[in-house]
K.L.:
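First the structure, which I've put down as structure tokens, then a few questions once you've had a look.
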Amino acid sequence: MSKVRVRFAPSPTGGLHLGGVRTVLYNYLFARHHGGDFVLRIEDTDQSRFVEGAEEYIIQCLEWCGLIPDESPQKGGAYAPYRQSERKPMYGQYAQQLIDAGHAYYAFDTTEELEQMRVRYKSAENPSPQYDHTTRLHMRNSLSLSKDEVADLLEKKTPYVVRIKMPENETIKFHDLIRGVVNFDTNLVDDKVLLKSDGMPTYHLAVVVDDYLMKITHAFRGEEWLPSAPVHLLLWVYLGWDKDMPQWAHLPLILKPDGNGKLSKRDGDRLGFPVFAMDWNDARTGEVTTGFKERGFLPEAFINMLVMLGWNSGTEQELFSIEEMIEKFSIERVHKGGAKFDFEKAKWYNQQYILKKDNTELASLVMPFMEAKGVITTVDFLTKIVALIKERCHLLTDFWEQGHFFFATPEYNDLAPLTEKWNETKQSFFTKWVGQLSAITNWNHDALEANFNEHMQQAGLKKGDVLLPLRIMLVGGKFGPGVFDIAALIGKEETEKRVKIVLGKM
RNA sequence: GCCGCGUUGGUCAAGGGGUUAAGACGCCUCCCUUUCACGGAGGAAUCACGGGUUCGAUUCCCGUACGUGGUACCA
């Protein structure tokens, strides 16, 4: 059996959708599992949709995810070039081969003529008429025109496209790795354009030619490609390459959490979660769309969450290292049905990885998020804080929410929980306690707690009376890790300062 | 409209002719902790519908419904 070769073939038109990353993941895992190659091919045949920077962005996303291709436009490889725009000269001959064999034909119809055809044949039973065996003889193409007319049009450099001539009354059958046998009736498939008037191939021709030339053995793509699969199957046969045709797998869609339908960037904006892997800065509109990375996800967690969206190992295991995924992944265990994206579950995955992560490493990952909030600190100090608050953080951005009081004195916007149950006893207890703090020589958690308890008992108070007030004084709210841990970390002076500030407000 | 694909709790899902139909997220209760969280123990909640086949269907077959994708010189 030949070496496994798979490919991810995005078109550089915008942000990298989480469904795209999952397709990359499944390709990558499959390739690694079988000791094969993973190729990145850029499908930029539509120059009108080309977006500046999109290709570099895709590469960066793959790097962040740790899904590095073996061959790519940047890296090169034995099958270069890996950008379809740079492969343009290669497609024409195959289109010609198809024409010569009678499996494709020239079509000279203008956009307006196509539009007229659709209007003319449109009816209640047939709302979207196709360019197919029922209509092609009524159009201007090398099937309906005489040889001389065609030669003349060609001679005059009349713009044309090349269309596949779909056969009549045939059933195209193929085996999909996920869905099993799938059938299509060729009468219902239209004569897809293979070569555009600008000489560029459409996806349909390009995907077949490139998969053949690049010796792709397994082709994984989204379910939305299933209806055009018969065109691709036929092309493999007509070009005489069917012995080398890759095995197909059409991946289920990732759906929006509410309602139905494919998950789109809009849903993310609407429901408040990212859809793209990384921030996407659209050069055309100037719009910035938040990505999972910038939202505070760890790449390992992002990948783990994605692998489980449509695949499972058949066991109860949910957390997998990339090595385990490679070992256990199999395309046959991919679900047929689409999966609704659940941001809560995504956050849970991230939390699991935060909990596992070494504190020092975690601190360096959290650092940029702190700096973005204007916090200036050292990895050393941040490591201590991260250790204390990590178990209540789902995202890297949560560390600021949960720990900002370590870096700045709280603003005490809401002291109501304190004032409600405040009294003279508490006032004098805290005044007295804060007054003797300077005498404490070993400023640490245990010593502080012992000292506090001693004063508390002398004043005839209980933990329930004074612990929460102390927390609010130090933190500014009813949250955070143990109070004495906080006091130990922020230091004696800051502790004194905060207690006095609040005492002054009571 | 037509064609393709799909349908197990709110979500991700295991399973597959006879089961108390796993597990996870989320939700609820309790324990731990005098905050929150982590951790622990419980709980509510599911086989879209109708026909077959069968001693027996969630599982197999056929319909229906619903959803979704496609029906471009976009991928």
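Keep in mind that this is a model prediction, so the values were computed, not measured. Reminder, nothing fancy here: chain letters follow the sequence lines and each chain counts from 1.
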K.L.:
Distance check, C1' atoms only: B/A75 and B/C60, in whole angstrom units.
P.N.:
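Those two atoms are separated by 39 Å.
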K.L.:
Using a 4.0 Å heavy-atom cut-off across all strands, classify A/D46 as base, sugar-phosphate, or nothing.
P.N.:
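Since only primed, P, OP1 and OP2 atoms lie under 4.0 Å of A/D46, the category is sugar-phosphate.
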K.L.:
Convert the base pairs of RNA chain B into dot-bracket notation, remembering that pairs crossing earlier ones are written with [ ] and that bases paired across to another strand are shown as |; include only Watson-Crick or G-U pairs under 3.5 Å.
P.N.:
(((((((..(((.....[....))).(((((.......)))))....(((((..]....))))))))))))....
K.L.:
Give A/V182 one of three labels, base, sugar-phosphate or nothing, depending on what nucleic acid heavy atoms sit under 4.0 Å from its own.
P.N.:
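If one applies the 4.0 Å heavy-atom cut-off, A/V182 turns out to touch the sugar-phosphate alone, with no base involved.
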K.L.:
Would you mind classifying the nucleic acid contact of A/P481 as base, sugar-phosphate or nothing, using non-hydrogen atoms under 4.0 angstrom?
P.N.:
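Here A/P481 touches the bases of the nucleic acid.
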K.L.:
Should A/T45 be listed as having a side-chain N or O under 4.0 Å from OP1 or OP2 of B/A75?
P.N.:
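Indeed, a polar side-chain atom of A/T45 lies that close.
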K.L.:
Before accepting this row, confirm whether a basic side-chain N of the pair A/D211/A/R7 lies closer than 4.0 Å to the acidic partner's carboxylate O.
P.N.:
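Yes.
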K.L.:
Mind checking if A/V161 touches a base, just sugar-phosphate, or nothing, with heavy atoms under 4.0 Å?
P.N.:
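Answer is base: heavy atoms of A/V161 come under 4.0 Å of a base.
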K.L.:
OP1, OP2 of B/A75 versus side-chain N and O of A/R49: anything below 4.0 Å?
P.N.:
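The answer is no; no side-chain N or O of A/R49 sits under 4.0 Å from OP1 or OP2.
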K.L.:
How would you label the contact of A/D198 with the nucleic acid (heavy atoms, under 4.0 Å): base, sugar-phosphate, or nothing?
P.N.:
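Nothing: the residue A/D198, judged by heavy atoms under 4.0 Å, touches no strand.
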K.L.:
Pick base, sugar-phosphate or nothing for A/G310, based on heavy-atom distances below 4.0 Å to the nucleic acid.
P.N.:
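Sugar-phosphate, backbone atoms only, no base.
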K.L.:
Classify A/G337 by what it touches in the nucleic acid, base, sugar-phosphate, or nothing, heavy-atom distance under 4.0 Å.
P.N.:
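Sugar-phosphate only.
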K.L.:
Salt-bridged, A/D465 to A/K462, with N to O below 4.0 Å?
P.N.:
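Looking at A/D465 and A/K462, the cut-off is not met.
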K.L.:
So, does A/N126 use its side chain to make a donor-acceptor pair with the main chain of A/K122 at under 3.5 Å?
P.N.:
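Checked: no pair found.
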K.L.:
So does A/R221 get a side-chain nitrogen or oxygen closer than 4.0 Å to the phosphate oxygens (OP1/OP2) of B/A75?
P.N.:
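So the side chain of A/R221 is outside the cut-off, no N or O lying under 4.0 Å from OP1 or OP2 of B/A75.
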K.L.:
Mind checking whether A/V209 and A/P201 have side chains closer than 4.5 Å, heavy atoms only?
P.N.:
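Heavy-atom side-chain distance check fails, nothing below 4.5 Å.
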K.L.:
Looking at A/D191 and A/R136, does any basic side-chain N land under 4.0 Å from a carboxylate oxygen?
P.N.:
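Counted as a salt bridge, because a side-chain N and a carboxylate O are separated by less than 4.0 Å.
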K.L.:
Hey, does A/G261 reach any base, or is it just sugar-phosphate, or nothing, if we go heavy atoms under 4.0 Å?
P.N.:
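If one applies the 4.0 Å heavy-atom cut-off, A/G261 turns out to touch the sugar-phosphate alone, with no base involved.
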K.L.:
Could you check whether A/D342 pairs with A/K345 (Lys NZ or Arg NE/NH1/NH2 to Asp/Glu carboxylate O, under 4.0 Å)?
P.N.:
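Judged by the 4.0 Å cut-off on N to carboxylate O distance, A/D342 and A/K345 do not form a salt bridge.
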K.L.:
Rounded to the nearest angstrom, tell me the gap between atom CG in A/L255 and atom P in B/G6.
P.N.:
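Whole-Å distance recorded here is 14 Å.
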